[in-house]
> 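One structure, as structure tokens, below. Some questions next.
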Amino acid sequence: MRQTNLAGETAEYVRAREELREAEIELMRHREQVADQRRRLPLGPVVDDYAFEEGPADLDAGDEPVREVRLSELFTGPDRDLVVYHLMYGKAQTEPCPMCTMWVDGFNGVAHHLGRNVDFAIVAAADLPALREHARNRGWSGLRLLSAAKSTFKRDLASEDEEGGQDSAVSVFTRDGSGAVRHVYSAHPRMSEEIDERGIDLLTPVWHVLDLTPRGRGDWYPTLDY
């Protein structure tokens with residue numbers, strides 16, 4: 001099956017491209033198998049109804065009043081799951097993580113699409129004014145932003161260590177028939193001793209677009225100066 005109709009493609013190129021297409025098909029099938037395996041995880045444990053701090057929905061309205069919101073209150077309907085992205089910012093992480101910021105830039109752009117299917121929030125260990133100031137600088141007007149500075153949420157979900165060091169992560173929660181919040185799934189960039197930063201690459205298209213090119217992603221790393 002040809003992917004292009006360009007003149008001048010050599011037989012060597014056509015053969016190699018067909019081999020690559022077959023490999024891409026196998027990768028797609030395996031990815032779907034892994035996604036199905038993830039969906040079939042046994043029901044996870046009931047978790048604490050963690051308390052977060054949240055400011056006005058309008059970032060330009062300032063940072064007050066501040067209200068306490070519980071994990072269970074992040075669900076907007078009875079048949080919806082909750083996805084939480086753990087932003088590396090706060091405590092020992094005194095500056096926002098550039099890579100996390102790149103991911104959240106993307107989430108902000110698709111938040112209205114995500115909202116049709118799941119509830120979604122960004123949680124950081126930074127105090128609320130610092131988190132909201134960073135959000136204003138990035139234009140994150142479409143996201144629910146929560147501070148877990150006074151909560152053990154990030155520590156319990158292994159995105160914070162005992163010294164206040166931060167890590168990125170993504171966590172999924174659901175509610176059972178009794179209304180209790182249960183943990184479904186969490187993933188971190190570090191997958192093993194050999195895989196240090198690839199564990200949640202599926203959350204951003206940036207790496208995948210770069211991987212389409214001959215130069216690939218190389219050692220490129222996002223910064224906060226754009």
> Report the distance from atom OG1 of T94 to atom NZ of K91, rounding to the nearest 0.5 Å.
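One gets 14.0 Å once the value is rounded to the nearest 0.5 Å.
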> Any heavy-atom pair between the side chains of R190 and E197 that's under 4.5 Å?
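In short, these two side chains do not touch, never coming nearer than 4.5 Å.
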> When rounded to the nearest 0.5 angstrom, what distance separates CG in D48 from CZ in F153?
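CZ of F153 is found 11.0 Å from CG of D48.
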> Is there a chain of hydrophobic side chains (I, L, V, M, F, W, Y, each step under 4.5 Å between heavy atoms) that links V184 to L114?
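Yes; tracing contacts between hydrophobic side chains, which count when under 4.5 Å, links both residues.
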> Look at the side chain of R138 and the backbone N and O of D105, then say whether any donor-acceptor pair between them is shorter than 3.5 Å.
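The answer is no, because no donor-acceptor pair under 3.5 Å joins these two groups.
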> What's the spacing between D79 CG and T174 OG1 if we round to 0.5 Å?
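Separation between the atoms: 9.0 Å.
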> Quick check: does any side chain N or O of N108 sit under 3.5 Å from a backbone N or O of G139, one acting as donor and the other as acceptor?
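Yes.
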> Under 3.5 Å, side chain of S147 to main-chain N/O of A126, donor-acceptor pair present?
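Indeed, once roles are kept as given, a pair shorter than 3.5 Å links the two residues.
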> Just checking, is any N or O donor in the side chain of S159 or Q166 under 3.5 Å from an acceptor N or O on the other one?
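No pair is found: no donor N or O on one side chain lies under 3.5 Å from an acceptor on the other.
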> Kindly indicate whether the side chain of M102, heavy atoms from C-beta on, has any atom under 4.5 Å from the side chain of V206.
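Yes; the side chains approach each other to less than 4.5 Å.
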> Any chance CE of M1 has more than 12 other-residue heavy atoms, nucleotides or ligands included, within less than 6.0 Å?
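No - once you tally the heavy atoms of other residues, nucleotides and ligands closer than 6.0 Å, there are 12 at most.
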> In terms of heavy-atom contacts, does CD of Q3 have more than 12 from other residues, nucleotides or ligands at under 6.0 Å?
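Yes, CD of Q3 has more than 12 neighbouring heavy atoms, counting only those of other groups under 6.0 Å.
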> Is E53 salt-bridged to R67, cutoff N-O under 4.0 Å?
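Judged by the 4.0 Å cut-off on N to carboxylate O distance, E53 and R67 do not form a salt bridge.
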> Hey, quick one: are W103 and V172 part of the same hydrophobic cluster, counting side-chain heavy atoms closer than 4.5 Å, chains of contacts allowed?
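Yes: a chain of side-chain contacts under 4.5 Å links W103 to V172.
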> With a 4.5 Å limit on heavy-atom distance, are the side chains of R136 and D63 in contact?
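Sidechains of D63 and R136: in contact.
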> Under the side chain to side chain donor-acceptor pair (under 3.5 Å) test, which residues partner T204, sequence neighbours left out?
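Counting only residues at least two positions away or on another chain, T204 forms no side chain to side chain donor-acceptor pair (under 3.5 Å).
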> Side chain to side chain contact (heavy atoms under 4.5 Å, CB included) for Q33 and Q37? Distances and angles first, verdict last.
CA-CA 6 Å; Q33 290 171 0; Q37 184 176 352; over 6 Å; no
> For residues L202 and W207, determine if any side-chain heavy atom of one lies less than 4.5 Å from a side-chain heavy atom of the other.
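When only atoms from C-beta onward are counted, W207 and L202 do not touch, as no gap falls below 4.5 Å.
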> Among D196, I195, D167, V170, which one satisfies side chain to side chain contact (heavy atoms under 4.5 Å, CB included) with P189?
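Considering D196, I195, D167, V170, a side chain to side chain contact (heavy atoms under 4.5 Å, CB included) with P189 is found only for D167.
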> Do R38's NZ or CZ and the ring of Y185 fall within the cation-pi criteria of under 6.0 Å and 45°?
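Verdict for Y185: a cation-pi partner in R38.
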> Give the minimum heavy-atom separation between P96 and Y89, together with the two atoms involved.
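In terms of heavy atoms, the two residues are closest at N-CD1, 3.5 Å.
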> Check whether any side-chain N or O of R182 sits under 3.5 Å from a backbone N or O of G44 as a donor-acceptor pair, and report yes or no.
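Pair found, side chain donor or acceptor close to backbone of G44.
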> Which value, rounded to the nearest 0.5 Å, describes the distance between R144 atom CZ and F52 atom CZ?
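It comes to 10.0 Å.
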> Any side-chain heavy atom of V46 within less than 4.5 Å of one from V181?
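With C-beta onward as the side chain, the pair stays apart.
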> Do T101 and W140 make a side-chain contact, defined as non-hydrogen atoms from C-beta onward lying under 4.5 Å apart?
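Sidechains of W140 and T101: in contact.
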> I need the R70 CZ to E54 CD distance, nearest 0.5 Å.
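Rounded to the nearest 0.5 Å, the CZ-CD separation comes to 14.0 Å.
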> Verify the cluster assignment for Y85 and L146: are they in a single hydrophobic cluster under the rule of side-chain heavy atoms below 4.5 Å apart?
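Different clusters: Y85 never reaches L146 through Ile, Leu, Val, Met, Phe, Trp or Tyr contacts under 4.5 Å.
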> In Å, rounded to the nearest 0.5 Å, how long is the span from CD1 of I200 to CE of M191?
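Between I200 CD1 and M191 CE, I get 10.5 Å after rounding to 0.5 Å.
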> Locate the shortest heavy-atom distance separating A148 from K154; write the atom from each residue and the value.
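Smallest interatomic distance, heavy atoms only, reads CB-CG, 4.5 Å.
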> Using distance alone, with no hydrogens and no angle criterion, decide if H86 and S171 have a side-chain donor and acceptor under 3.5 Å apart.
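Yes, because at least one side-chain N or O of H86 sits under 3.5 Å from a partner of the opposite role on S171.
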> Should R155 and E162 count as an ion pair when the cut-off is N to O under 4.0 Å?
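Looking at E162 together with R155, the answer is yes, because their closest N to O distance falls below 4.0 Å.
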> Donor-acceptor pairs are to be reported for all side-chain atoms of residues 215-223 against protein atoms at under 3.5 Å, with residues two or more places apart or in another chain.
unit_1	atom_1	unit_2	atom_2	d
R217	NE	D211	OD1	3.2
R217	NH1	D201	OD2	2.6
R217	NH2	D211	OD2	2.7
T223	OG1	D225	OD1	2.3

> Would you kindly confirm whether V123 and L157 end up in one hydrophobic cluster when ILVMFWY residues are joined by side chain heavy atoms under 4.5 Å apart?
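They do share one cluster, since a chain of ILVMFWY contacts under 4.5 Å joins V123 to L157.
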> What's the shortest heavy-atom distance between L59 and R132, and which atoms?
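Where L59 meets R132 most closely, the heavy atoms are CA-NH2, 3.6 Å.
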> Identify the two heavy atoms, one from V84 and one from F173, that lie closest to each other, and give their separation to 0.1 Å.
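Shortest heavy-atom contact: CG2-CE1, 4.1 Å.
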> L131 and A124: which non-hydrogen atoms are nearest, and at how many Å?
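Looking at all heavy atoms of both residues, the shortest contact is CD1-CB, 4.0 Å.
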> With a cut-off of 6.0 Å (strictly less than), are more than 12 heavy atoms of other residues, nucleotides or ligands near NE2 of H30?
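No, NE2 of H30 has 12 or fewer neighbouring heavy atoms, counting only those of other groups under 6.0 Å.
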> Output yes when R21 and E24 qualify as a salt bridge under the 4.0 Å nitrogen-oxygen rule, no when they do not.
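Answer for the salt bridge query: no.
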> Evaluate the side-chain proximity of F75 to V118: yes if any heavy-atom separation is below 4.5 Å, no if none is.
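No. Closest side-chain heavy atoms not under 4.5 Å.
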> Can you see which heavy atom on E64 is nearest to which on P56, and at what distance?
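Taking E64 first and P56 second, the nearest heavy atoms are O-CG, 3.3 Å.
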> Are L82 and L145 linked, directly or through other ILVMFWY residues, by side chains that come within less than 4.5 angstrom of each other?
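L82 and L145: separate clusters.
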> One thing to verify: whether E9 and R15 come together as a salt bridge, which I'm taking to mean a side-chain N less than 4.0 angstrom from a carboxylate O.
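Salt bridge absent between R15 and E9.
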> Would you say the side-chain atoms of D119 and T76 include a donor-acceptor pair closer than 3.5 Å?
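Distance-only check passes for D119 and T76.
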